[in-house]
Amino acid sequence: MRFIHTADIHLDSPLTGLSAYADAPVELLRTATREAFTNLVTEAISEKVDFLVVAGDLYDGTWRDHNTGIYFVKEMGRLNKAGISVYLLFGNHDAESEATKRLLLPSNVHTFDSKKASTFKIDHLGVALHGRSFKTAATTENLVPTYPDPTPGWLNIGVLHTALEGNSVHPNYAPCSLAELHAKGYQYWALGHVHEYRYEQGASHVVFPGNLQGRHIRETGPRGAVLVTADDAGIQNVERIYVDVLRWHRLDVDVSVASTLTDAVRSVGADLERLASDSPQNIPLAVRVTLTGQTAAHGQLFGLDTQLRAEIIGQAVALGQDRFWIEKLKVETSGVDTDEQIRSRMDAISDLQVLLDSAETDASLLTSLQKQFAPLIGKAPLELHAAVPYFEEIKHGDLAELIRAVRPSLLAYLAAEE
Amino acid sequence: MRIQRIDLVRYGKFTDKKVEFPSAKRDFHMVIGPNEAGKSTLRSAIQELLYGIHRNSPLDFLHAKSDLRLGARIEHLGESLAFQRVKGNKQTIRDMKDVPLQDSVLSPFLGSTDQSFFDNMFGLDHFRLVEGGKSILDASDDVGQVLFQSSAGIASLGKIRDTLEREADSLWAPKKSGDRAYYKALDQLDKATVALKGATVRTKDWLEAYRETERLNDLMEAERKRHSELQVRRGTLERVRRLAPILQELRENERQLAELGVVIELPADANIIQDSAESELSTAQEILRLRTEEVTRLDSEAAVIRVDEDVLQIEHEIAALEEMRVKFSSHERDMEIRANEVTLAWQEALDAMTQLGWGELDEEAVRRRIPTLTRRKAITQLVKEHGGLAEIARAARQAERVKRAETDALNAQLAKLPTTDVPPALRAALTGVQQLGDVEATRSRHDATASTAKAATAIAFQALGIWSKSLADLRLMQIPAQQTIDTLVRDRQTLLADQRAIQARVDEQASKVSQAALAVRQYDDAHHPITREEVTQARELRDNAWIFIKTGSKSIEEGAPAVDDGIRRADELADARIGKVEQEAEFQSRRQQLEREQLDETSLEEQNKGVDGRLEAFDAEWAARMNAASLPGMPLETLSGWVADRVSALAAASAEEKATADAHQFEETVRRAASTLLAALRIAGAEVSDSSALPALVLQAQGLIQDADATAVKRETLSNQLNSALPLLEPLEQAAKDAADALTQWRRSWVDALNAAGLGAESDIGLAEGALDLIARVEDKIGKMREIRVERIDTMKADLQSLETAAQRLCKSGAPDLKSQSAAAVAIALMRRLNRAREDKKERERVSDALLVANNNVVSTNETILKAKARVEPLHARAGTTSSEALAEAIARSHGKRSLSDEIAKLGKRLIESGDGFSRSELEADIDAANLTQLTVELADVDQNLKDSLGKQTELSANIANAETALGKIAGSHVAAQAEADRQLALAAMADAAERYIKVATAASLLRWSIDQYRDKKQGPMLARAGTLFSQLTLGSFQRLILDYEQQPLSLEGQRADGQLVGIAGLSAGTRDQLYLSLRLAALELHLEQAHAMPFIADDLFINFDDARSEAGIQALAGLSEKTQVLFFSHHDHLVERVRNVLGAEVNIVSL
């Protein structure tokens, strides 16, 4: 007997943080979460699994387009035709969604009640699935005690949307402890809510399959569901299956040895090449390139950022147009010369450094900068406020951090320009 | 740090080359060499020595990259280090035995410098100088930038700031623009937001659309059912309406068939067969009658046609006769015209003969009278010759007359010429005077030369100044040789140079003494150190006070306070001295330094006095020597000049003597020549007086000689002309005689020829020529008459004769009746007969052909009649009839039966086919049951209902389609998801642009702000020092640099000696370079006051400087060389001298 356990599908949730450029594989991202889900359904059909468990968060709660629900129903229809049942539990996002209540689901889809824990029994397999959907998004009570006792002699699967012991990244919904889960007497806990894959094996198998498709740079690495194999003796195997269509990756490149922008680009090119050979060819990577290290090229990297970005994109494109998407380029290098070294030069640059050190306390400068940025921040859409560092600080008149960040780069740029 | 020595062990073109930079007070070293000598290599070597050999060093063209090696000895603050630098990744610093050293071994020498800093701060070459000059021009309205660029050696500061500001502007600015990255993305965001809004479907909307579709589908179902029922009813009514008439007709036909009874059946087409056969028979019989009549008619036509066979027999001959007749028809008329022409010609011949005077002659007599052609040609020839002979005779006579007149005239002129001559002595005397040339001019020249020479001598003697004796004394005086003078001058200059050098050192030492004294005073003021002497002195006071008490000089009460004071003071000083022992030591050290400096000063002053003494002794000895030479007070340096003046004065005196002698000699020569000429004139008979001046004598002699010479020339010319003319006269006389003889001979021939031609012998040329023309005309007319008669008239007569002969021959053979008629009439009559015969023959042939066709037609018509009768025969046999009428009736009955049966079958079939699958009995039942009169009304009613139903269905269908479309749009479309993805793309692009904007704009603002700050802080000291250097470099053309606070932004200006201010833009390129150099050197000096010194490398800085400014530049570098080592590279040899001028002959010059 085999089943697939998935969660946190977040259908039609957009991929964020990617800005397009000429050779970027834009089309891929526009329907990435759908394609990942279609891949999962196709996988279920081709693997001929016995059923599918969805442990919450089909949609984004704030997503209003009913088309998403219709799409889901169609995919369920495909499973119905293949004779595969689906056990669907609603999580915090689904609870917010109007579509959830209105969907006309095919007969193969069974949804867990939100008023109390319910059980679906699959007689011919000897499987009992226990679960309770979220009624409201902010479900903060522990639901585990409300779940029924296991059915003796059956394979008991608990389906639960939970933050499990207060996961810090996600809201602390339906909290419970791992020990509590193990103590419940079920063989398998099909969990959802936490987007990272996690597998705890004890008295029972407790599994977060992770979300189906990474949607931003904080969700790196391969994504998908788990394929669980069981027999009369219980759970035999938990295997990850990857259905994502675009993967996120952080590439930190140490450019300490680079003395020019070209050297730095070459280092990035080499690391990208390595990454290309280490990654599956059929899935493009959205890569955040972060340059680090103390480098003589620090000034150039700051001053010629546009050129740097263009050349790194060029390196990525050269490795295959659909292999990489440079999500962002972050220059987190520092100059070769420390403040102390620059100061000891006793030349104009060191004089400039001394002056710049006092810039952050020069009220007229700070006021003029704040005034300069005010129209930009004032008119920017709210979504941009979260996306741009310094917006909040500038709004509150705190520009010291900005000046401290720009100052060494500017000095290095000046010193390198001769 | 300074470099003592650098070893180019294996580097570039060098192998084991050592370059020394020995220490000196002014640490200035010049490296000189032409291009390619290796200056750049040496410069690169210094950098790579100190900071490592670059991994891609291009200086491996002689030695392998891995073999590159440099060595050096460097010094800093009394420490020195000898080391080598090899190429590699690690352990590249070695000691002189090639043992690796720690990299940090160089740290004390290099301080915190790195290669880039060293190169920027301590290196300046021509290119950077020029770039620097340009950059301060670009930034001339920003003093801070000018100062900063000059100080840091960064020329591109403004460019960097501009680049940052430009980038910021391309990302975001308050003004919206499609070119700015942020707004581009914002535009995309807006579009995507609109798209998202348009594509998003709320669940409520979907529910509504779903329910509406369901409702409309139910309505549609009901309407379709009703429509179906109406269609059934309409089918029944329509069928009854359609089939009722058919059924009625069927039933009528069945009744008529029954009434016919028994009928013999004949073929269905029997009536057609009968009709067509009878019709054919009737037609054929009519045709047969017509064709028979045609045959008869043709036969009678043929019988009356007769053809004239006889005429046809001679058909060709008649045609030939007719042809001749037509051809000769105009002959009669032509012959008359030709006869007239003959008559006319004869008339014209008669006219000519009358003029000739031949009288009335017949044609034959005329022919005989005409002279032969030979005789007429002889006369013509003589006429031609006569003109030439007459002209020759006339010309010969004329020539003879002219020549004779010419000789007569020459003889007359010769007879009139006078006879004169002059003696040769006069000619010789005149020549002697003329050889003296322009006597007055020569005399003036001699006088002028003598006077100029005299004046020159006076001037030359004046130049000798103090000399006051005679020319002879001057020639005889003894003076030292030039070489001796040179030696003495050199010796004195050496003494002077020594004096200056020592004086400079004395001054310098005095300054050092002052500085040392100041240092002692200042230190004393600052630290008040307690000296041992002060303590000792205090103790002595204490002890003395005690001695007063001890010796009883003072009572304890009196002396105690002084003792206490002394003890306290001594203890305080001793304690203080212990506390300030370090300051005291330093104070002591400074005082000792002062003493040392003072000692050195005294020593130098002594040396100075010694040199002064030597110089005085030298000058005294020289003065004595000059007094002895009568040149008292003559300075040594000017003696060489005086000697040269003496040579000039002696030369001027000699020149004056020679000029005077030349003038005297010339006057004597003139006098002798005048005397000789006077004597010769008298011999020649001229009247002259002794007092006559030389020019008057010369004119008189010239007049006599010129007259005699002119007469002789004329006589000779006339004699020559006469001698040439006389021999030509005789041939001319002979020629005139020959021409007259030839003319006489021609006249005899003329008379003979006229006689022979029968023309009068007395005829002149004109008459003879006229007669010949008339004879030719007569001959022409006679000839023409004969031609017309023979060639034209006789030919036509022969033609007419042959026509007559042919006509008679035909009459005889074919038409005797025409025998009496003319040939033309015969021909016409015969031709008519022939044409008629031909027509008759053609008509007979046509009638014969038509008859043949008519007979054939009769035969074929008979065959048609037989066939028609055979076709109708079988019908009679079947119907048992014999007459046509009986057969027609039988056929009509048979046809009636067949027609009814067919109609009944057809109607029965139609009834079933149109009966919608119902049987005849069911249809009959429906029809019989229907009320046929109300059928149309009922049908119209059903049709209306159907139409209504269809309309409703159409409306419902459209509504359903709309509803389904609306619902279909909610069929899982991903458009909204895509729009949201596009929004996120745009937001990311906006975030990127905004973030970068904030950084770049901050950087640009920081840069601008800090440059302003820099200016405020640095402008004072730096501009002051730079101003001094600028004045020095521009040789005082500018005095200082001024900051104009009146202008905003502040501007930097140079101030000239007269106070005029010149902005940077107003400076020439060269002066700007000098300004930049001033600023750089000032910045470097300020830097050196507080930072680690490194060698300053100046590479070919003065390419664009003239000599004076180059020297000023070197002076500035020399000043710098007192603070740090200066290595001055150049490929200009002439700068060596400038460098020595500034830094003395001992300066270190390295030649590569």
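None of the values given here were measured: they were computed from a predicted structure. Residue numbering restarts at 1 for every chain, and letters A, B, ... go by the order of the sequence lines.
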Could you walk me through whether A/Thr33 and A/His10 pass the side chain to side chain donor-acceptor pair (under 3.5 Å) test, one step at a time? CA-CA 7 Å; A/Thr33 50; A/His10 291 279; over 6 Å; no
Could you give me the CA-CA distance, side-chain angles and deciding distance for B/Asp103 and B/Lys90, then say whether salt bridge (Lys or Arg N to Asp or Glu O under 4.0 Å) is met? CA-CA 9 Å; B/Asp103 282 357; B/Lys90 53 184 180 177; over 6 Å; no
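Taking CD of A/Glu383 as the start and CE of B/Met990 as the end, the distance is 9.0 Å to the nearest 0.5 Å. To the nearest 0.5 Å, atom CG of residue A/Leu246 and atom CZ of residue A/Arg215 are 13.0 Å apart. For the atom pair CG (A/Leu402) and NZ (B/Lys999), the distance works out to 9.0 Å, reported to the nearest 0.5 Å. Within the model, atoms OH of B/Tyr182 and CH2 of B/Trp172 stand 8.5 Å from one another, a figure rounded to the nearest 0.5 Å. A/Glu393 CD to A/Phe373 CZ: the interatomic distance, rounded to the nearest 0.5 Å, is 12.0 Å.
Of the two parts of A/Val336, neither the backbone nor the side chain holds a non-hydrogen atom closer than 4.5 Å to a non-hydrogen atom of chain B. Looking at B/Leu987, the atoms closer than 4.5 Å to chain A (heavy atoms on both sides) sit in the backbone and in the side chain alike. If you measure heavy-atom distances from B/Arg983 to chain A, the contacts under 4.5 Å come from the side chain alone. Using a 4.5 Å cut-off between heavy atoms, B/Leu164 touches chain A through its side chain atoms alone. Proximity to chain A (any heavy atom under 4.5 Å) is restricted, for B/Asp114, to the side chain, taken from C-beta onward. With a 4.5 Å cut-off on non-hydrogen atoms, B/Asp982 touches chain A through its side chain but not through its backbone. With a 4.5 angstrom heavy-atom cutoff, A/Ala380 touches chain B via backbone and side-chain atoms both. Looking at A/Thr16, both its backbone and its side chain come within 4.5 Å of chain B, counting heavy atoms on both sides. Heavy atoms closer than 4.5 Å to chain B are found nowhere in A/Leu329, neither backbone nor side chain. Residue contact with chain A, scored on non-hydrogen atoms closer than 4.5 Å, is absent for B/Thr113. Only the backbone of A/Leu15 has a heavy atom closer than 4.5 Å to any heavy atom of chain B. Of the two parts of B/Arg1008, neither the backbone nor the side chain holds a non-hydrogen atom closer than 4.5 Å to a non-hydrogen atom of chain A.
Classified by interplanar angle (parallel below 30°, tilted 30° to 60°, perpendicular above 60°), the ring pair B/Phe118/B/Tyr51 is tilted.
Residues passing the ring-ring contact (aromatic ring centres under 6.0 Å, His included) test with B/Trp206, sequence neighbours excluded: A/His66, B/Tyr210. Not counting sequence neighbours, B/Glu964 has no partner by the salt bridge (charged side-chain N to carboxylate O under 4.0 Å, His left out) test.
The only member of A/Thr31, A/Asp12, A/Thr38, A/Asp65 that meets side-chain hydrogen bond (donor to acceptor under 3.5 Å, both in side chains) when paired with A/Tyr71 is A/Thr38.
For chain B, the option among A/Leu103, A/Leu411, A/Val26, A/Val388 with the highest count of heavy-atom pairs below 4.5 Å is A/Val388. Of the listed residues (A/Ile377, A/Ile349, A/Asp305, A/Leu356), the greatest number of heavy-atom pairs within a distance under 4.5 Å of chain B belongs to A/Asp305. For the options B/Thr163, B/Leu207, B/Asp119, B/Leu985, heavy-atom pairs under 4.5 Å to chain A are most numerous at B/Leu985. Ranked by heavy-atom pairs shorter than 4.5 Å toward chain B, the options A/Ile403, A/Leu384, A/Leu399 are led by A/Leu384. Between chain B and the options A/Leu104, A/Val354, A/Ile394, the largest number of non-hydrogen pairs under 4.5 Å is found for A/Leu104. Comparing A/Leu410, A/Leu352, A/Leu376 by heavy-atom pairs within less than 4.5 Å of chain B, the highest count is held by A/Leu376. Between chain B and the options A/Ala387, A/Ala359, A/Ala20, heavy-atom pairs under 4.5 Å are most frequent for A/Ala359.
Annotation: cation-pi pair B/Arg996/A/Phe302 present, NZ/CZ under 6.0 Å from the ring centroid and within 45° of its normal.
Taking 4.0 Å as the cut-off between side-chain N and carboxylate O, A/Arg34 and A/Glu75 do not count as a salt-bridged pair. Between A/Arg404 and A/Glu401, at least one side-chain nitrogen of the basic residue sits less than 4.0 Å from a carboxylate oxygen of the acidic one, meeting the salt-bridge criterion.
Using non-hydrogen atoms only and a strict 4.5 Å limit, the part of residues 361-371 of chain A facing chain B consists of A/Asp362, A/Leu365, A/Leu369. Proximity to chain A among residues 183-199 of chain B is limited to B/Leu189, B/Leu196, B/Ala199, judged by heavy-atom separations below 4.5 angstrom.
Dense packing is recorded around CG of B/Asn56, with more than 12 heavy atoms of other residues, nucleotides or ligands lying under 6.0 Å away. Remark: A/Lys379 NZ is loosely packed, at most 12 non-hydrogen atoms of other residues, nucleotides or ligands lying under 6.0 Å away. Annotation for B/Arg202: atom CZ does not count as buried by contact number, only 12 or fewer foreign heavy atoms lying within 6.0 Å.
B/His1087 and B/Phe117 have their aromatic ring centers within a separation under 6.0 angstrom.
Between the side chains of B/Thr203 and A/Arg102, no donor-acceptor pair of N or O atoms lies under 3.5 Å.
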